[in-house]
Amino acid sequence: MEGAPVAIGDHTDDIVARRIASGEYSADYAKQTSAALFEQSGETMRELRRVRPNGTVIAVRAARLPDGGQVSVVADITALASAEAEAERRLRLLDGVLATLPHGVLVYGPDRRVAMFNAAYARIMEGAPVALGEHMDTVNARRVATGEFSADYLDSVLSKRFVAGAPEQAEILRVRPNGTAIAIRVAETPDGGHISVVKYITAMVL
């Protein structure tokens with residue numbers, strides 16, 4: 001906390017007043033954080049984050065002590081906050097790309113559960129919905145039951161694409177029960193999951 005010194009024996013009110021005067025934080029922030037961090041019962045620590053005037057990001061954790069005092073732990077998390085912001089930026093960029101992509105994208109995590117799918121996938125695969133968190137086996141069983149594809153197709157064609165380490169294979173071309181034609185390509189993701197890209201090709205085959 002360079003630039004916001006404290007000394008043994010300082011009263012909390014004096015520390016807070018000095019920091020408000022120096023611009024370390026506002027009076028409103030001091031009031032809100034005091035209520036959030038120190039006006040609590042029990043010894044469970046709570047955490048608040050803030051950006052200091054010098055641009056560093058800190059995490060402040062506080063809890064009551066058995067004797068009625070309080071302990072406050074401050075950590076510089078600038079690097080972590082920067083990494084989180086960059087990850088959030090990339091996620092927003094990916095969401096934007098997937099939202100505008102004309103091809104359907106379905107991603108299964110390494111646990112073989114639906115991790116994400118874009119609007120194009122839901123549109124192209126209308127009548128064969130998926131839900132986040134659904135297991136691949138559940139999705140496939142429902143599609144066999146509803147006639148989206150046969151059990152033989154699932155066993156002999158589709159399932160082979162979702163095996164760890166499966167070699168690169170050509171697109172799967174098929175006509176859906178509603179008469180639309182699609183091309184499917186499956187690839188393994190770095191984390192052990194799988195991505196399925198579906199293209200609407202009805203106009204090309206009719």
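All values below were derived from every heavy atom in this structure, side-chain atoms included, with hydrogens, water molecules and symmetry-related copies excluded. When a residue number appears, it is its place in the shown sequence, counting from 1.
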task: Please report the closest heavy-atom contact between Pro177 and Gly147, naming both atoms and the distance.
output: CG-O, 3.1 Å
Note, Arg174 side chain near Tyr153 side chain (heavy atom, < 4.5 Å): yes
message: Do Ile77 and Val74 sit in one hydrophobic cluster, given that two such residues count as connected whenever their side-chain heavy atoms are within less than 4.5 Å of each other, even indirectly?
response: no
field: Chi angles and distances behind the side-chain contact (heavy atoms from CB on, under 4.5 Å) call for Tyr121, Val197
entry: CA-CA 8 Å; Tyr121 184 87; Val197 179; over 6 Å; no
- prompt: Which residues pass the side chain to side chain donor-acceptor pair (under 3.5 Å) test with Glu88, sequence neighbours left out?
  reply: none
task: Mind listing the closest non-hydrogen atom pair of Gly109 and Ala115 along with its distance?
output: N-CB, 4.0 Å
Donor-acceptor pair between Asp152 and Ser150 side chains, under 3.5 angstrom: no
task: Quick one: do Asn178 and Thr180 satisfy side-chain hydrogen bond (donor to acceptor under 3.5 Å, both in side chains)? Show the steps, please.
output: CA-CA 6 Å; Asn178 63 6; Thr180 60; 2.7 Å; yes
message: Between the side chains of Glu134 and Arg112, is the shortest nitrogen-to-carboxylate-oxygen separation below 4.0 Å, so that they form an ion pair?
response: no
message: I'd like to know if Arg49 pairs up with Glu84 as an ion pair, taking the criterion as any Lys NZ or Arg NE/NH1/NH2 lying under 4.0 Å from an Asp or Glu carboxylate oxygen.
response: yes
- request: For the pair Asn118 (side chain) and Gly104 (backbone), establish whether a donor and an acceptor sit closer than 3.5 Å, ignoring hydrogens and angles.
  value: no
field: Partners passing side chain to side chain donor-acceptor pair (under 3.5 Å) against Arg113 (at least two apart in sequence or in another chain)
entry: none
message: Starting from Val57, can I reach Tyr25 by hopping between I/L/V/M/F/W/Y residues whose side chains sit under 4.5 Å apart?
response: no
- request: Please report the C-alpha distance between Leu154 and Arg143 in whole Å, then the side-chain angles of each, then the deciding distance to 0.1 Å, and finally whether the side-chain contact (heavy atoms from CB on, under 4.5 Å) criterion is met.
  value: CA-CA 9 Å; Leu154 173 62; Arg143 290 181 173 179; over 6 Å; no
message: Between Thr189 (side chain only) and Ile195 (backbone N and O only), is there a donor and an acceptor less than 3.5 Å apart?
response: no
query: How close do Leu101 and Ala120 get, heavy atom to heavy atom, and via which atoms?
result: O-CB, 3.5 Å
Linked, directly or transitively: Leu80 and Val60 (ILVMFWY side chains, under 4.5 Å): no
- request: Would you indicate whether the side-chain heavy atoms of Val198 and Leu106 approach each other to under 4.5 Å?
  value: no
statement: Shortest non-hydrogen pair, Val114 vs Ala131, comes out as CB-O, 3.4 Å
- prompt: Salt bridge between Glu171 and Lys199, side-chain N to carboxylate O under 4.0 Å?
  reply: yes
message: Return the CE to CG distance between Met136 and Asp111, rounded to the nearest 0.5 Å.
response: 9.5 Å
query: Is there a side-chain contact (heavy atoms from CB on, under 4.5 Å) between Val144 and Glu148 once you walk through the steps?
result: CA-CA 6 Å; Val144 170; Glu148 176 64 29; over 6 Å; no
- prompt: Distance-only, no hydrogens or angles: does the Thr78 side chain make a donor-acceptor pair with backbone N or O of Thr56 under 3.5 Å?
  reply: no
- request: Would you indicate whether the side-chain heavy atoms of Val139 and Tyr108 approach each other to under 4.5 Å?
  value: yes
message: Please determine whether side-chain contact (heavy atoms from CB on, under 4.5 Å) holds for the pair Ser196 and Ile184, giving the CA-CA distance in whole Å, both sets of side-chain angles, and the decisive distance to 0.1 Å.
response: CA-CA 7 Å; Ser196 179; Ile184 307 166; 3.5 Å; yes
Ser82: partners by side chain to side chain donor-acceptor pair (under 3.5 Å), with sequence neighbours left out: none
query: Nearest 0.5 Å, what's the OH-CD1 distance between Tyr29 and Ile20?
result: 11.5 Å
message: Under 4.0 Å between a side-chain nitrogen and a carboxylate oxygen: does that hold for Arg176 and Glu126?
response: no
